[in-house]
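The structure under discussion appears below in the form of structure tokens.
Note that the coordinates shown come from a computational prediction; the quantities given were computed from them, not determined experimentally. Lettering of chains follows the sequences in order, A, B, ..., and the numbering in each one begins at 1.
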Amino acid sequence: MPGGSEQDLVVPGHPVPRRSLDRDARLVAPELLGKVLVHGGRAARIVEVEAYAGGEDPASHAFRGRTARNAVMFGPPGHLYVYFTYGMHWCANVVCGPDGGASAVLLRAGAPLAGVDEMFGARPAARRERDLCSGPAKLCQALGIDGSANGDDLVMAGGVVLVDDGTPPPHHPGVSARIGISAGQEHPWRWFVPGDPNVSRPSARRP
DNA sequence: CGTTTGATGCTCT
DNA sequence: GAGCATCAAACGG
């Protein structure tokens, strides 16, 4: 197959165009449902996302301005913002537009598509396939994404890549408030694929 | 089954 | 020093 890249062997498709990400995260987020996150030989279809609206959103890491940690959010769209939290977990976001606006989409859950054996190896606690990517930190652990992927260009091969394999987003996605935040709970900026078993479950207590 | 609690360390005040 | 865009083990019914 002439011109075939290694990524084509993992999942057929093409990188998500950067221009489609150069909009506010609240518009991009539901469009990312169904897209495929690829890292090496592992891939997962995105089934749950949350939008963080930059400087105007009290829940956003960018709310209090640019710092060393959130610098990638203030850069151009189409890059990956990876942060470390709770002393042990990595979480990944797609930086959206406009450039400098610091809006981003948190990737909260995915359906395992490729490299499932590697995912189980990376996540010893997982017993079933639905335990592999059903949370933002689980997704990163399963795909082997950590701080070294911070700033990766999702449109370019070589690191973490966002791929469109032709699967459309759901016509009527599920919508709810965002999970795990203290400020900004009034905004319904979480979207998910209804009925998908990989969508994260509310971990009981939510005051 | 559903709910509670401990882990663990970086980031910003 | 407080808080954190979380997870999984432990606990109780």
Rounded interatomic separation in angstrom, taking [atom1] from [X] and [atom2] from [N]:
X	N	atom1	atom2	answer
A:H89	B:dT11	NE2	P	16 Å
A:F84	C:dG3	CZ	C1'	15 Å
A:M73	C:dA5	CE	P	11 Å
A:W90	B:dG9	CH2	P	13 Å
A:Y86	C:dA8	OH	P	14 Å
A:L106	C:dT6	CG	C1'	11 Å
A:R178	C:dA5	CZ	C1'	9 Å
A:R108	C:dT6	CZ	P	5 Å

**Report entry** Positions of residues 115-133 of chain A (non-hydrogen atom under 4.0 Å from DNA chain B), listed by number
**Finding:**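 The answer is none.
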
Query raised in the report: Hey, can you pull the residues of residues 48-72 of chain A with a non-hydrogen atom under 4.0 angstrom from DNA chain B?
Result: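 By residue number: A:R64, A:T67, A:R69.
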
Report task. Tell me whether the guanidinium CZ or amine NZ of A:R128 lies under 6.0 angstrom from the six-membered ring centre of A:F120 and within 45° of its axis. Result ->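 Not satisfied by the 6.0 Å and 45° rule.
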
Query - Among C:dA5, C:dC7, B:dT8, the one nearest A:N93 by side-chain distance - result: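 Of all the options, the side chain of A:N93 is nearest to C:dA5.
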
Query raised in the report: Does the side chain of A:S200 come under 3.5 Å of the side chain of A:E48 through a donor N or O and an acceptor N or O?
Result: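 Yes, because at least one side-chain N or O of A:S200 sits under 3.5 Å from a partner of the opposite role on A:E48.
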
Query raised in the report: Does A:Q141 or A:S182 map to a spot on DNA chain C nearer the 5' end, using the closest nucleotide for each?
Result: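 The residue closer to the strand's 5' end, by nearest nucleotide, is A:S182.
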
Query raised in the report: Between A:Y83 and A:H61, is the ring centre distance below 6.0 Å?
Result: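 Yes.
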
Query - Summary of salt bridge (Lys or Arg N to Asp or Glu O under 4.0 Å) pairs that have at least one residue in residues 149-168 of chain A, sequence neighbours excluded - result: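 Qualifying pairs: A:R18-A:D153, A:R45-A:D165.
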
Query raised in the report: Mind checking whether A:L106 and A:L21 sit in one hydrophobic cluster, side chains of I, L, V, M, F, W, Y counted as touching below 4.5 Å?
Result: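 Different clusters.
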
Requested in this report: Sort out the partner of B:dT8 for me: Watson-Crick or G-U wobble, both distances under 3.5 Å, none otherwise.
Outcome: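 Check on B:dT8: unpaired, no WC or wobble geometry under 3.5 Å.
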
Query - Complementary nucleotide for B:dG2 - Watson-Crick or wobble, under 3.5 Å - result: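 Pairing partner: C:dC11.
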
Query raised in the report: How are the rings of A:W90 and A:F84 set relative to one another: parallel (under 30°), tilted (30 to 60°) or perpendicular (over 60°)?
Result: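 If you compare the ring of A:W90 with that of A:F84, the planes turn out tilted.
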
Query raised in the report: Are A:E50 and A:R108 close enough for a salt bridge, meaning some N to O gap below 4.0 Å?
Result: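 The answer is yes: the pair qualifies as a salt bridge.
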
Query raised in the report: Going by an N to O cut-off under 4.0 Å, is there a salt bridge joining A:D57 and A:R26?
Result: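 Result for this pair is no, no salt bridge flagged.
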
Query - No-H, no-angle donor-acceptor pair, A:Y83 side chain to C:dA5 base, under 3.5 Å - result: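 Present.
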
Report task. Apply the side chain to side chain contact (heavy atoms under 4.5 Å, CB included) test between A:V49 and each candidate in A:N93, A:L33, A:V193, A:V94; give the one that qualifies. Result ->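 When A:N93, A:L33, A:V193, A:V94 are each tested with A:V49, the side chain to side chain contact (heavy atoms under 4.5 Å, CB included) holds only for A:L33.
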
